[in-house]
Amino acid sequence: MREDIFVTRPYLPPMEEYVEYLNRIWDSRNLTNMGTLWQEFNKSLMDFMDVEYCMPLSNGHMALEMVLQALDLSGEVITTPFTFASTTHAIVRNNLTPVFCDIRESDCTIDPDKIEDLITDKTTAIVPVHVYGMPCDVKRIEEIANRHNLKVIYDAAHAFGEKINGKSIAHFGDASMFSFHATKCFNSIEGGCIVTKDKSSIITTYLLHNFGITGKESVDYIGANAKMNEFQAAMGLCNLKHIDENRILRKKIFERYMERLSSVEGIRLLDYREDVIYNYSYVPVFVDEAEYGIDRNDVHELLAKRHIYARKYFYPIASKFNCYKDSGFRGNVEIAERMSEQVLTLPIYPDLQLEVVDEICDVLEKKE
Ligand SMILES: *Cc1c(COP(=O)(O)O)cnc(C)c1O
């Protein structure tokens, strides 16, 4: 019998490649605290993303928390409810108030037409998400931010390696956070990085992520511990060498899904742009019950019966979490709510067999 199929499967490099780095760790006895491999990994990330100010951290969430603290924001932050719990938590854990802005139907990113209505004299920043690796409308968001003197911090957890019009997606906003969690398209076991536009914010983020220590006898900031260790950096260095080949494998799978599902009535796909180089991390499909006959949960069940575990990313939306639903956070979330009730993300990872993709598409086509 075929193995169970999950929405993703962590990539691992050939073991010999990792062992080479392990030998170096055993020789150096340097396990963490911005060691040689951390520095090497940081250099590789800067080259890969073509950026000047970057640093790896323990995980994507802490990277976002640290940079929001480094930018010294206050008051309200406009963000999207259609995301992973981390985005809203990073805002709230910095004592900031999230204000939820609705998303666009075409790509599930924050709707620039709806941002300005939510701005008050307390607003200090916008935290949009390149959800599923769909780039936000970076140009319009920049215009709005400039007009109202707001910072823009992208949750780019899904967008590592992508380009807009030939330009690395890391170049937009005041900062971007990328996640290298095991389940993402590129992993360092757990991990993530921050890219900033200016030097001073990367320096503050660096200090904050190591307890705010600024010297042997001085602690200047109320920091935390968000350091990436040498074993994580080693995995990142190994996996970065395989990122292109993995992208090509995922692209094949993605294209098969698109080819087979674009003609299924009642199943909607997002709008993909010609000027974007995608990383093909996710395959979100939207089930319109009125047209399709059965609903998203039914499709989820049909697949589960065959031991194929699609996921409802992102359901529920953040404003509906038990920890936030009675908080009184403002916003408009109508489209986000509807789309979260229709969405199903389908399995994709480099070694997923095309026969399995076809099996999944057969289920969606035949509804059985
Ligand atoms: C994965 C993810 C994060 C958090 O990243 P970790 O590395 O898991 O801490 C934040 N935002 C989004 C949208 C994510 O998918």
Side-chain angles (χ1 to χ4, degrees), residues 6-11 41 45 54-69 77 79-94 96 98 100-101 103 107-110 125-136 152-162 169-170 172-173 175-195 205 208-209 224-229 231-233 235-236 239-240 270 278-284 311-319 321 324 336 339-340 343 345 348-349:
F6 298 99
V7 77
T8 189
R9 194 177 186 207
Y11 174 77
F41 183 38
L45 287 173
C54 171
M55 63 176 278
L57 294 93
S58 56
N59 58 61
H61 176 80
M62 286 308 289
L64 188 57
E65 269 200 28
M66 295 294 99
V67 83
L68 289 175
Q69 188 182 350
V77 172
T79 188
T80 164
F82 195 84
T83 181
F84 184 54
S86 171
T87 320
T88 318
H89 289 350
I91 294 168
V92 175
R93 288 169 59 83
N94 268 288
L96 299 161
F100 294 113
C101 179
I103 58 172
D107 62 6
C108 290
T109 67
I110 197 164
I126 310 173
V127 176
V129 180
H130 299 305
V131 65
Y132 309 128
M134 307 300 284
C136 296
V152 179
I153 303 96
Y154 283 104
D155 178 336
H158 296 176
F160 187 66
E162 296 194 328
I169 200 160
F172 301 94
S176 293
M177 173 276 278
F178 296 88
S179 167
F180 307 151
H181 184 257
T183 56
K184 303 298 207 269
C185 68
F186 165 78
N187 84 79
S188 60
I189 310 175
E190 290 257 10
C193 78
I194 272 297
V195 173
T205 308
L208 283 171
H209 104 299
N225 180 0
K227 298 191 298 289
M228 172 180 279
N229 67 50
F231 294 80
Q232 292 172 282
M235 186 62 84
N239 287 348
L240 205 50
L270 296 179
Y278 293 99
N279 62 22
Y280 306 106
S281 295
Y282 300 90
V283 183
R311 294 295 299 264
K312 302 171 192 178
Y313 289 148
F314 289 98
Y315 174 86
I317 54 172
S319 51
F321 289 173
Y324 293 133
M339 293 190 82
S340 81
V343 72
T345 54
I348 188 165
Y349 45 88

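Start at 1 with the first residue, then count along the sequence. Order of appearance sets the numbers: ligands from 1, and atoms from 1 within every ligand.
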Peer 1: Do His89 and Tyr324 have their ring centres less than 6.0 Å from each other?
Peer 2: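 Between His89 and Tyr324, the centre distance is under 6.0 Å.
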
Peer 1: Against heavy atoms of Lys184, which atoms of ligand 1 measure under 4.0 Å?
Peer 2: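 Those atoms are 1 (C), 2 (C), 14 (C), 15 (O).
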
Peer 1: Taking only heavy atoms of Asp155, which atoms of ligand 1 are found under 4.0 Å from at least one of them?
Peer 2: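 Taking each heavy atom of Asp155 in turn, ligand 1 has 10 (C), 11 (N), 12 (C), 13 (C) under 4.0 Å.
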
Peer 1: Quick test: of every protein heavy atom, which one is nearest to atom 5 (O) of ligand 1, and how far off is it to 0.1 Å?
Peer 2: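 Its nearest protein heavy-atom neighbour is Ser179 OG, 3.3 Å.
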
Peer 1: Please classify the Met62 to ligand 1 contact at 4.0 Å (heavy-atom distances, strictly less than): side chain, backbone, both or neither.
Peer 2: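 None of Met62 does.
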
Peer 1: Pick out which of Asn59, Asn229, Leu57 makes a side-chain contact (heavy atoms from CB on, under 4.5 Å) with Glu190.
Peer 2: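 Among Asn59, Asn229, Leu57, the one meeting side-chain contact (heavy atoms from CB on, under 4.5 Å) with Glu190 is Asn59.
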
Peer 1: Do the side chain of Thr79 and the main chain of Val127 share a donor and acceptor less than 3.5 angstrom apart?
Peer 2: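 Checking the backbone N and O of Val127 against the side chain of Thr79, a donor-acceptor pair under 3.5 Å is found.
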
Peer 1: Using distance alone, with no hydrogens and no angle criterion, decide if Asn225 and Lys227 have a side-chain donor and acceptor under 3.5 Å apart.
Peer 2: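 Per modelled atom types, Asn225 and Lys227 side chains form a pair under 3.5 Å.
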
Peer 1: Between Tyr313 and Val7, is any pair of side-chain heavy atoms under 4.5 Å apart?
Peer 2: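 The answer is yes, as the side chains (C-beta and beyond) meet within the 4.5 Å cut-off.
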
Peer 1: Against heavy atoms of Asn59, which atoms of ligand 1 measure under 4.0 Å?
Peer 2: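 Within the 4.0 Å cut-off of Asn59, ligand 1 contributes 7 (O), 9 (O).
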
Peer 1: Out of all atoms in ligand 1, which are within 4.0 Å of some heavy atom of His181? Include the element for each.
Peer 2: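 Atoms satisfying the 4.0 Å criterion: 7 (O), 8 (O).
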
Peer 1: Quick check against the 3.5 Å criterion: does Asn279 have a side-chain atom that pairs as donor or acceptor with the backbone of His158?
Peer 2: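 Yes: the side chain of Asn279 pairs with the backbone of His158.
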
Peer 1: Could you list the atoms of ligand 1 found under 4.0 angstrom from a heavy atom of Phe84?
Peer 2: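 With Phe84 as reference, the close atoms of ligand 1 come out as 2 (C), 3 (C), 12 (C), 13 (C), 14 (C), 15 (O).
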
Peer 1: For atom 4 (C) of ligand 1, which of Ala90, Ser188, Ser86 has the closest heavy atom?
Peer 2: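 Looking at heavy atoms only, the winner is Ser86.
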
Peer 1: Which ligand 1 atoms are under 4.0 Å away from a heavy-atom of His61?
Peer 2: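 Near His61, meaning under 4.0 Å from one of its heavy atoms, ligand 1 has 4 (C), 5 (O), 6 (P), 9 (O).
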
Peer 1: What atoms in ligand 1 come closer than 4.0 Å to a heavy atom of Thr83?
Peer 2: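 In order of numbering, the contacting atoms are 13 (C).
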
Peer 1: Can you confirm whether more than 12 heavy atoms, excluding those of Phe231, are under 6.0 Å from its CZ atom?
Peer 2: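 Correct, the count exceeds 12.
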
Peer 1: Is a donor on one side and an acceptor on the other found under 3.5 Å between the side chain of Thr205 and the backbone of Val67?
Peer 2: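 No; judged by distance alone, with no hydrogens or angles, the pair does not exist.
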
Peer 1: Taking Cys136's backbone N and O only, do any of them form a donor-acceptor pair with Asp107's side chain (distance below 3.5 Å, no angle check)?
Peer 2: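 No, the answer is negative, given that no donor and acceptor are paired below the 3.5 Å cut-off.
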
Peer 1: Out of Ser281, Ala157, Ala159, who is nearest to atom 12 (C) of ligand 1 when you count heavy atoms only?
Peer 2: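 The nearest heavy atom belongs to Ala157.
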
Peer 1: Classify the contact between Met177 and ligand 1 as side chain, backbone, both or neither, using a heavy-atom distance cut-off of under 4.0 Å.
Peer 2: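 For Met177, only side-chain atoms sit under 4.0 Å from ligand 1.
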
Peer 1: Considering only protein heavy atoms, which is closest to atom 15 (O) of ligand 1, and at what distance to one decimal place?
Peer 2: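 For atom 15 (O) of ligand 1, the nearest protein heavy atom is His158 NE2, 2.7 Å.
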
Peer 1: In ligand 1, which numbered atoms sit nearer than 4.0 Å to a non-hydrogen atom of Gly191?
Peer 2: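 By the 4.0 Å cutoff, the relevant atoms are 7 (O).
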
